[in-house]
Protein chains: 2
Amino acid sequence: MRYSHRLSDAVHILAYIDIYHDSDLSSTAIAASVESNPALVRRLMVALRRAGLLATQQGTAAPRLARQPAKISLLDVYQAVEEEGNLLHVDDKTNPKCVVGGNIQETLRVAYDEVQRAAETQMAQITLASLVDDIWTREREKKANGNR
Amino acid sequence: MRYSHRLSDAVHILAYIDIYHDSDLSSTAIAASVESNPALVRRLMVALRRAGLLATQQGTAAPRLARQPAKISLLDVYQAVEEEGNLLHVDDKTNPKCVVGGNIQETLRVAYDEVQRAAETQMAQITLASLVDDIWTREREKKANGNR
DNA sequence: TTAGATGTTACTTTATATATTACATCTAGT
DNA sequence: ACTAGATGTAATATATAAAGTAACATCTAA
């Protein structure tokens with residue numbers, strides 16, 4: 001499969017807006033950091049706005065976080081940008097005439113739901129604040145190593 | 001993205017072999033239940049054999065489970081057939097000159113690893129035996145409803 | 001009024017999971 | 001040994017979804 005980077009890019013956008021809140025926050029500037037393109041950034045920002053995570057508006061006003069970083073979880077971002085929202089996928093064209101083919105779809109759906117819940121519980125415990133903290137920690141470490 | 005059904009199809013194969021152990025277990029027969037094609041089934045069976053879950057051999061011998069269904073977990077199957085094995089994916093081409101772009105990849109990798117562990121812990125608790133039980137339960141319920 | 005941004009759509013490109021085909025290889029049964 | 005019929009394996013084609021691209025309407029602050 002071709003992997004989706006929507007979640008990673010959305011976190012990137014939010015972290016960028018938090019860290020560079022006094023600089024250029026245009027979709028073009030953010031896209032340069034993501035190494036993607038402005039339209040994709042804008043589409044993701046719309047999804048984040050609809051989920052109540054980001055305050056954006058047309059015109060020249062800079063976007064800002066709609067909640068404190070500590071109040072935004074990875075799960076919030078995941079649910080904002082991954083509409084399908086399933087980490088595992090059922091094969092939905094099995095043979096209904098067979099005991100296995102006729103029932104395994106529902107069986108797997110229930111099992112996958114349990115896995116999904118476990119993953120989402122963990123995602124709920126990771127905040128944008130902790131991710132931004134980690135980014136800064138790594139940045140400091142890089143500087144310290146570079147100056148040795 | 002086009003969703004991968006490797007895990008679902010692999011579980012399907014194992015459940016089929018468990019349930020239909022006295023019938024035709026050729027890759028062609030299994031492919032008819034999966035509504036896929038024999039080559040895909042064979043490729044998945046090779047992966048399952050390499051992981052020690054399935055005993056197959058060339059020639060006419062029927063495949064059989066290498067372990068009891070209660071000793072085969074969804075995690076075992078997942079690790080057997082999903083070589084990449086990451087449910088979430090880091091965008092690996094961010095701008096290294098930016099504080100965010102230069103560090104977020106590693107930051108997200110650590111966070112995603114925690115989510116992955118939570119999901120895998122749950123997968124480890126789901127066995128092939130419980131999945132096959134669930135398939136039979138659904139089959140009985142369908143029959144009961146059909147005979148009303 | 002206007003510059004410059006977002007919101008939005010349509011289309012193109014690219015990546016990759018699966019389907020398809022073919023054939024080498026092996027084994028059980030004769 | 002021979003053969004039928006199965007698996008193991010690779011090459012290629014196809015389908016599909018993610019991301020890239022371009023264009024433009026819309027809005028807002030100065």
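Every chain is numbered from 1 and lettered A, B, ... according to where its sequence line falls, protein lines coming before strand lines.
Salt-bridge check for B:Asp76 with B:Lys71: failed, with every basic side-chain N at 4.0 Å or more from each acidic carboxylate O. With respect to the salt-bridge test (charged N to carboxylate O, under 4.0 angstrom), the residues B:Arg109 and B:Glu106 qualify.
Taking only side-chain nitrogens and oxygens, A:Ser27 comes nearer than 4.0 Å to OP1 or OP2 of C:dT6. For D:dT9, the OP1/OP2 oxygens have a side-chain nitrogen or oxygen of B:Arg50 closer than 4.0 Å. Using a 4.0 Å cut-off, no side-chain N or O of A:Lys93 falls inside it from OP1 or OP2 of C:dT18. Put simply, B:Ser36 has no side-chain N or O that comes within less than 4.0 Å of OP1 or OP2 on C:dT18. B:Ser26 has no side-chain polar atom (N or O) that falls below the 4.0 Å cut-off from OP1 or OP2 of D:dT7. Close to D:dT7, at under 4.0 Å from its OP1 or OP2, lies no side-chain N or O of B:Arg49.
Checking side-chain atoms of B:Ser130 against main-chain N and O of B:Ile126 turns up no donor-acceptor pair under 3.5 Å.
Nearest-nucleotide assignment on DNA chain D puts the 5′-proximal partner with B:Ala61, out of B:Ala61 and A:Arg6. Ranked by how close their nearest DNA chain C nucleotide is to the 5' end, B:Pro38 and B:Gln57 are led by B:Pro38.
Rounded to a whole Å, the CG atom of B:Leu44 is 11 Å from the C1' atom of C:dT18. Distance B:Arg42 CZ to C:dA22 P: 14 Å, rounded to the nearest Å. A straight line from NE2 of A:His89 to C1' of C:dT16 spans 14 Å, rounded to a whole angstrom. If you measure from atom CG of B:Leu40 to atom P of D:dT12, you get 20 Å, rounded to the nearest angstrom. Rounded to whole Å, atom P of D:dA15 lies 17 Å from atom NE2 of B:His5. Atom CD in B:Glu84 sits about 10 Å away from atom P in C:dT16, given to the nearest Å. Rounded to whole Å, atom C1' of D:dA19 lies 10 Å from atom CG of B:Asp91. The CE atom of B:Met45 sits 12 Å away from the P atom of D:dT9 (whole-angstrom rounding).
For a distance-only test at 3.5 Å, the side chain of A:Arg43 fails to qualify as a donor-acceptor partner of the base of C:dT6.
Remark: of the listed residues A:Thr94, A:Asp91, A:Asp92, A:Thr94 is the sole one forming a side chain to side chain donor-acceptor pair (under 3.5 Å) with A:Gln105.
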* Asked: For A:Arg117 and A:Asp113, what are the C-alpha separation, side-chain angles and deciding distance, and is it a salt bridge (Lys or Arg N to Asp or Glu O under 4.0 Å)?
  -> CA-CA 6 Å; A:Arg117 263 198 300 279; A:Asp113 277 352; 5.4 Å; no

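Side-chain proximity of A:Ala39 to D:dA10, D:dT7, D:dA22: nearest is D:dA22.
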